[in-house]
Every structure is written in C-alpha cells, then in structure tokens.
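Structure first, commentary second.
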Amino acid sequence: MTKKELHRLSKLDLIQLLLTETQRNAALKAELAESEAKVDDLSDLSDRLKDKLTDKDDQIQVLKDRLKEKDEQRDTLKLKLDNKDEQINRLKDKLDAKDEEIDKLRKRLLKEK
C-alpha cells in the first residue's frame with residue numbers, strides 16, 4: 001500500500017489494518033517458534049542417529065578384529081594340518097617300503113623252502 005493510500009484511509013480502517021498486521025505478525029511468530037522447535041527436534045534426532053552410527057561402527061570394528069583373529073587361527077590350524085598330512089604321507093611311504101621288504105623276504109623265504 002502506498003503512502004497516498006494510507007493517508008486516504010479512515011482511522012477505523014487504519015486500526016483494522018494495524019490489528020490485521022499485528023495478528024499476522026503473531027501468527028508468523030508462532031509459526032517461526034514451531035519451526036524452530038522442529039529444527040531442534042530434528043537436530044536432536046540427528047545427534048542420536050550419529051551416536052548410533054558411531055556405536056555401530058565401533059561394533060563393526062570389533063567384529064572385524066575378531067574375524068581377523070579367527071582367520072589367523074584358521075590359517076595356523078591349516079598349517080598344522082598340512083604338516084600332519086606330510087608326516088602321515090612320509091610314514092605311509094615308510095610303511096609301504098617296509099611292506100615291500102616283508103613281501104620280498106616272504107618270497108625269498110618261500111623260494112628257500
């Protein structure tokens with residue numbers, strides 16, 4: 001509204017205009033307060049979510065560390081098992097060699113009789 005238009009209004013019209021603007025201002029302040037409260041609530045929620053994420057990250061790291069330990073244990077046990085397999089194969093080879101010797105001796109013994 002221009003200055004000319006304001007000067008042409010009656011006192012009652014000016015009071016009504018002022019009252020309308022005051023009510024509008026109060027409504028805007030209430031809306032602003034409500035919006036600020038929502039922002040605060042969202043900020044709190046965001047902080048809680050960040051804390052939960054941090055906790056989950058910590059849990060993941062603990063689980064990764066445990067998994068690494070288990071992998072190392074598995075590798076150690078696998079190496080021991082491989083060593084045992086090698087020992088078994090060597091003993092099997094020795095046993096096979098002894099069996100051959102016994103067979104040769106039996107054959108020789110049978111030939112001598």
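Only a predicted model underlies this, so the values are computations on that prediction, with no experimental measurement involved.
Asp65 and Gln61 share a donor-acceptor pair across their side chains, judged by distance under 3.5 Å alone.
For the atom pair Leu105 CG and Leu110 CG, the distance stands at 11.0 Å (nearest 0.5 Å). Annotation: the span from Leu53 atom CG to Leu49 atom CG amounts to 7.0 Å, rounded to 0.5 Å. Taking CD1 from Ile15 and OG1 from Thr22, the interatomic distance works out to 11.0 Å, rounded to the nearest 0.5 Å. In this structure, CG on Asp75 lies 8.5 Å from CG on Leu79, to the nearest 0.5 angstrom. Atom CD in Glu72 sits 10.0 Å away from atom CG in Leu67 (nearest 0.5 Å). Rounding to the nearest 0.5 Å gives a distance of 14.0 Å between CG of Leu18 and NZ of Lys11.
Taking a cutoff of 4.0 Å between a charged side-chain nitrogen and a carboxylate oxygen, Asp71 and Arg74 qualify as a salt bridge. With respect to Glu34 and Lys38, a salt bridge is recorded, a charged nitrogen being found less than 4.0 Å from a carboxylate O. Look at Lys107 and Asp103 and you find no salt bridge, because none of the NZ, NE, NH1 or NH2 atoms lies under 4.0 Å from a carboxylate O.
The shortest distance between side-chain heavy atoms of Leu95 and Leu91 does not fall below 4.5 Å. Side-chain atoms of Lys104 and Arg108, non-hydrogen and from C-beta on, never get closer than 4.5 Å to each other. Side-chain contact check for Lys70 versus Gln73: some heavy-atom pair is nearer than 4.5 Å. For the pair Arg90/Glu86, a side-chain contact is recorded, criterion being any heavy-atom separation below 4.5 Å from C-beta on.
The environment of CD in Gln87 is crowded: more than 12 heavy-atom neighbours from other residues, nucleotides or ligands sit within 6.0 Å.
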Chi angles and distances behind the salt bridge (Lys or Arg N to Asp or Glu O under 4.0 Å) call for Arg48, Asp44
CA-CA 6 Å; Arg48 286 195 307 272; Asp44 290 344; 5.2 Å; no
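Checking side-chain atoms of Ser46 against main-chain N and O of Leu42 turns up no donor-acceptor pair under 3.5 Å. At least one donor-acceptor pair closer than 3.5 Å links the side chain of Thr20 to the backbone N or O of Gln16.
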